[in-house]
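Worksheet for the structure shown next.
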Amino acid sequence: MHAVDCIDCAADASVVGAVNEGIDVAASIVPEVQRPWVMISVNDDCRDLHFRKAGFDPEDCPPDCSKPCEKVCPADAISLEHSMVGGEHTGSDPLRGKYEGGVITERCYGCGRCLPVCPYDRIRAVSYVRDPTMTAELLKSNDVDAIEIHTTGKGTDMFNTLWDSLSGSINNVKLVAVSLPNIGESTADLMNAMYIIMESQFKGYNLWQLDGRPMSGDIGRGATRETVSFATHVASMSERPPGFYQLAGGTNSYTIDCLKKAGLFQSISVAGTAASEIASSHQALIGGIAYGGYARKIVGRALRKIPEQFGRVRIEDHPDHLLEALQEAMSLIGPVKDYNPVLPSLSHDTS
């Protein structure tokens, strides 16, 4: 399998359409970069942390709350403002009136940072499962290249049920990734059982995503140590199933260095480049890294400058900001793939 990038998104036709439109725009600005595959994510169990949203009624918030949820949200998905009382804004007197706003559902990706910080315990997690019938129809379109199935590791019954519902359309995609947590000594048995379920029907590539510490990549070095520990555990398995392996959950700028120290890093050659560093250990297992929350954090720094400076505009009208965000992204995936393309330098008149 050639080294590819995947952009992971919700299994929703409108979201997939927006992602492909965004890729088209980016490709028109930076045609040198290889087009990524579009991957949709589904879950077999509503208990999966990746398939939840925060929710609360802002009218239940005490008017003098310091709004720690708003401060801690990495996606800026919580917005609380004092409402008008008697035609006057209450911002100068927080004891009057009430809050309005709340969670901006489209931005929330379920990290859970807000849940423990609410001093009044008013925030709840709203979980959901993607509709497998709609997912099966989406797989039949030409807009999707891959699918990622998140499983909680609580057995194979729900995974098997989901797989059966997708089996009629699963071979329309090139890659099936299974994302799972570390469940200790039974991890290998679970993976092999799922591989047997998939093997008879799917003819494409399969990938195992080792989700060491879900939704924690933007926390720091400690999060990635837990993720690499999971990879070390899998590398020691004598009966692990076939397929490609990548890390997720707790992945950040420290991950590759930690993988190198563990003898698990394997850079991947990309057409037109030379792989300058291949781990010599026979355990060089990890060939890819999924950057989630951490990627949102660093790329978002560049993209947030657009609305701050210009209001709500199109990214194609401000390509310099896209290139800045792309440079941030390359700082993550470049070392994984030994890939460092020369990006164009664009000037944009903002006067």
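Numbers for residues simply follow the sequence, beginning at 1. Excluded from the calculations below are hydrogen atoms, water molecules and symmetry mates; all remaining heavy atoms, backbone and side chain alike, are included.
- Using a 4.5 Å heavy-atom cutoff, the side chains of Val176 and Tyr205 are not in contact.
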Check against side-chain contact (heavy atoms from CB on, under 4.5 Å), Thr227 and Thr255: CA-CA 8 Å; Thr227 305; Thr255 302; 5.7 Å; no
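- To the nearest 0.5 angstrom, Asp5 atom CG is 10.5 Å from Trp37 atom CH2.
- Under the 4.0 Å criterion applied to side-chain N and carboxylate O atoms, Asp76 and Arg296 are not assigned as salt-bridge partners.
- At a threshold of 4.5 Å between non-hydrogen side-chain atoms, the residues Asp57 and Arg122 do not count as touching.
- In this structure, Lys174 places its NZ atom where more than 12 heavy-atom neighbours from other residues, nucleotides or ligands lie under 6.0 Å away.
- Atom CG of Asp145 is separated from atom CG of Asn172 by 11.5 Å, given to the nearest 0.5 angstrom.
- No donor-acceptor pair closer than 3.5 Å links the side chain of Asn160 to the backbone N or O of Thr156.
- Between Ile183 and Pro181, the closest side-chain pair of non-hydrogen atoms falls below 4.5 Å.
- In this structure, Ser41 and Cys9 have side chains that are not in contact, with every pair of non-hydrogen atoms separated by 4.5 Å or more.
- The distance from the OG1 atom of Thr152 to the CG atom of Asp44 is 6.0 Å, given to the nearest 0.5 Å.
- One N or O on the side chain of Thr251 and one on the backbone of Ala290 form a donor-acceptor pair closer than 3.5 Å.
- With a 4.5 Å cut-off on side-chain heavy atoms, Arg240 and Leu285 count as touching.
- Taking SG from Cys118 and CZ from Arg124, the interatomic distance works out to 11.5 Å, rounded to the nearest 0.5 Å.
- With Lys71 contributing its side chain and Ser66 its backbone, the two residues share a donor-acceptor pair below 3.5 Å.
- A distance-only check finds a donor-acceptor pair linking the side chain of Ser169 to the backbone of Ala136 [under 3.5 Å].
- Between the side chain of Asn171 and the backbone N or O of Gln201 there is at least one donor-acceptor pair closer than 3.5 Å.
- Within the 4.5 Å cutoff, the side chain of Leu326 has heavy atoms near those of the Val30 side chain.
- Glu226 places no side-chain N or O within donor-acceptor distance of the main-chain N or O of Gly250, the cut-off being under 3.5 Å.
- Using the six-membered ring where Trp is involved, Phe202 and Trp163 have ring planes that are perpendicular, over 60° apart on the 30 and 60° scheme.
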Step-by-step side-chain contact (heavy atoms from CB on, under 4.5 Å) determination, Ile78 to Phe56: CA-CA 10 Å; Ile78 298 177; Phe56 65 93; 4.0 Å; yes
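- With Ser236 contributing its side chain and His233 its backbone, the two residues share a donor-acceptor pair below 3.5 Å.
- Considering CG of Asp157 and CG of Leu162, their distance stands at 12.5 Å, rounded to 0.5 Å.
- In terms of modelled atom types and a separation under 3.5 Å, the side chain of Trp208 and the main chain of Pro242 share a donor-acceptor contact.
- Under a hydrophobic-cluster definition in which Ile, Leu, Val, Met, Phe, Trp and Tyr are linked whenever side-chain heavy atoms come within less than 4.5 Å, directly or via other members, Tyr109 and Val72 are assigned to different clusters.
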Chi angles and distances behind the side-chain contact (heavy atoms from CB on, under 4.5 Å) call for Tyr99, Glu81: CA-CA 5 Å; Tyr99 278 119; Glu81 298 289 341; 5.8 Å; no
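- Side-chain N or O atoms of Ser229 include none that pairs as donor or acceptor with a backbone N or O of Arg225 at under 3.5 Å.
- Separation of atoms CE (Met134) and CD1 (Ile40) is listed at 10.5 Å; rounding is to 0.5 Å.
- With hydrogens and angles disregarded, no donor-acceptor distance shorter than 3.5 Å links the side chain of Asn252 to the backbone of Tyr294.
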